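Here is the structure we will look at, set down as structure tokens.
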Amino acid sequence: MLKRILILIEHQQNRQMLSQSLAQDYQVLSPEVKEDFVVVGEQMLSEDFDLCFIDFGAIYYLRAKMEARREAESPIFLPFVFLTTLKDVGLSTDHLEQLIDDLIYLPIRKIELRTKLRVLLRSRSSSLGLQAAQLKLKEALIQEQDLNQLKSRFVSIVSHEFRNPLNSISGMAQIFELYGDNLPPEKKAELLQQLQRNVSKMTNLLDNVLVLGRKDMGKLEFNPASLNLKIFCRDLIAEVQTVFEHKQTVNFAYQGEQEFNLDSKLLHPVLTNLLSNACKYSPKDSAIDFEVSCQTEEIVLAIRDRGIGIPAADIPNLFNSFYRASNSQGFQGTGLGLAIAKEYIELHQGAIAVSSEPKVSTSFVITIPVKTTTNKST
Ligand code: ADP
């Protein structure tokens, strides 16, 4: 890309001459200035340029702006070159060396101009390159820090979430060992059910961790097939209510077509997670609304609860792996469900959004673009 040279020379003849000699090799910004030199000059000094030529007039009128621009660009090198006659150089200003990076004496000698320009622009390029490398390094360091944080969160959450079900499985095994023969059948059945629940919690967690791994390797698959969405949602509600032990009422409302091409293997964990979160994070006696509306071009699935809500500051990070909102202490969880939900919905080319009012309600809305597979509805 051509380097941009700004010419802030008050003297018209010098300006034109310089502009002509540079036009072939550089992109020249040379404002036609008359009485409004200060206004135009200040404006131009805010533009993007790689080197600036100034003369006595510019130093006199625009010094403050030039210093500000240098300061703003620092630590990147932005050269200012002073065009002057040999006899005038001493008159120009005190501390000239702080303001300029080189001098070119009038009358201009082309070879001197070209050489100085190249040297200065090379320094500018190196300085830009150095800055870019520093930024990359900084980014890499941040990424590594993030990764380390993620790793420790992973270890602490996963080990904690494994320990709980493992402890209860081990407790139940002891009960069976000690009292197994004497336990009444209904107590046995209850214990076995609890055992089953704990095993599915662990399987679920393992599945989620495996999904994360597959996602990182770009190996998540999307296999849509014909699905009756209404039946699918009804079954899922029943499943959540039994498997997850939550007894909140789910107000289910379905509108529109029913048959779609969707990947049920992906939709199942997404909706299960949203519904079980709605139950988990809201009082046992509150109701959950689950509304599905299927229009010609998109399906909208909305799940709303009347629970603890999500603080506004947590919303932007909510779909990041292992992220849990600041008010989630006291509720078991891993912060994986929503990250996975987002991935799965995006595989359907859809989107998932959240809105919440702390201590009042939370809504998750999924939109998926679709084509119906048939025109039936019941
Ligand atoms: P978790 O296993 O922690 O529930 P998720 O990924 O499903 O993980 O959710 C991430 C976080 O989002 C939760 O830890 C919780 O802080 C917040 N959250 C999700 N759903 C709700 C909800 N319905 N009400 C309040 N907070 C929620």
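Below, each value reflects all heavy atoms present in this structure, side chains not excepted, and no hydrogens, waters or symmetry copies. Just so you know, these numbers come straight off a predicted model, no measurement behind them. Along the sequence shown, the residues carry numbers beginning at 1. Order of listing sets the numbers, starting from 1, for every ligand and every atom in it.
The ligand atoms of ligand 1 that sit less than 4.0 angstrom from a heavy atom of Leu336 are 6 (O), 8 (O). Close approach of ligand 1 to Gly333 (heavy-atom distance below 4.0 Å) involves ligand atoms 1 (P), 2 (O), 3 (O). Annotation for ligand 1: atoms under 4.0 Å from non-hydrogen atoms of Gly337 are 5 (P), 6 (O), 7 (O).
Taking CD of Glu186 as the reference point, atom CG of Leu191 lies at 11.0 Å (rounded to 0.5 Å). With rounding to the nearest 0.5 angstrom, the CG atom of Asn277 is 9.5 Å from the OG1 atom of Thr362.
For the ligand labelled ligand 1, residue Gly307 lies outside the 4.0 Å heavy-atom shell. At least one heavy atom of Phe364 sits closer than 4.0 Å to an atom of ligand 1. Close to ligand 1: Lys280, with a non-hydrogen atom less than 4.0 angstrom away. Residue Tyr323 places a heavy atom under 4.0 Å from ligand 1.
Under a 4.0 Å N-O distance rule, the pair Asp289/Arg306 qualifies as a salt bridge. A salt bridge links Arg124 with Glu73: the closest approach of a Lys/Arg side-chain nitrogen to an acidic carboxylate oxygen falls below 4.0 angstrom. Checked for salt-bridge contact, Lys116 and Asp102 meet the test: a charged N lies under 4.0 Å from a carboxylate O.
Looking at atom 2 (O) of ligand 1, its nearest protein heavy atom turns out to be Thr334 N, 2.8 Å. In terms of protein heavy-atom proximity, atom 17 (C) of ligand 1 is nearest to Leu318 CD1, 4.1 Å. Protein heavy atom closest to atom 26 (N) of ligand 1, with residue, atom name and distance, is Ile310 CG1, 3.3 Å. The nearest heavy-atom contact from the protein to atom 3 (O) of ligand 1 is Arg324 NE, 2.6 Å. Distance from atom 1 (P) of ligand 1 to its nearest protein heavy atom, with residue and atom name: Gly335 N, 3.4 Å. The shortest contact between atom 24 (N) of ligand 1 and any protein heavy atom is with Tyr281 CB, 3.4 Å. In this structure, atom 16 (O) of ligand 1 lies nearest to the protein heavy atom Ala325 N, 2.9 Å. Atom 19 (C) of ligand 1 has its closest protein heavy atom at Asn277 ND2, 3.5 Å.
The residue Asn327 has no part lying near ligand 1, judged by heavy-atom distances below 4.0 Å. Here Asn273 has side-chain heavy atoms under 4.0 Å from ligand 1, and that is the only part of it that gets that close.
Using a 4.5 Å heavy-atom cutoff, the side chains of Asn273 and Ile340 are not in contact. Contact annotation: the side chain of Leu229 approaches that of Leu267 to within less than 4.5 Å [non-hydrogen atoms, C-beta and beyond]. Counting heavy atoms from C-beta on, the side chains of Ser286 and Gln248 come closer than 4.5 Å.
In this pair, Phe290 and Phe252 present their aromatic rings tilted. The plane angle is within the 30 to 60° band. Classified by interplanar angle (parallel below 30°, tilted 30° to 60°, perpendicular above 60°), the ring pair Tyr281/Phe331 is tilted.
Both tests do not hold together for Arg70 against Phe77: distance to the six-membered ring centre under 6.0 Å, angle to the ring axis within 45°.
The shortest N/O to N/O separation between Leu338 and ligand 1 falls below 3.5 Å.
For atom 23 (N) of ligand 1, the candidate residues are Val354, Ile308, Ile340, Asp305; the nearest heavy-atom contact is made by Asp305.
Put simply, Val155 and Met202 are part of the same group of oily side chains (I, L, V, M, F, W, Y) that touch within less than 4.5 Å, one to the next.
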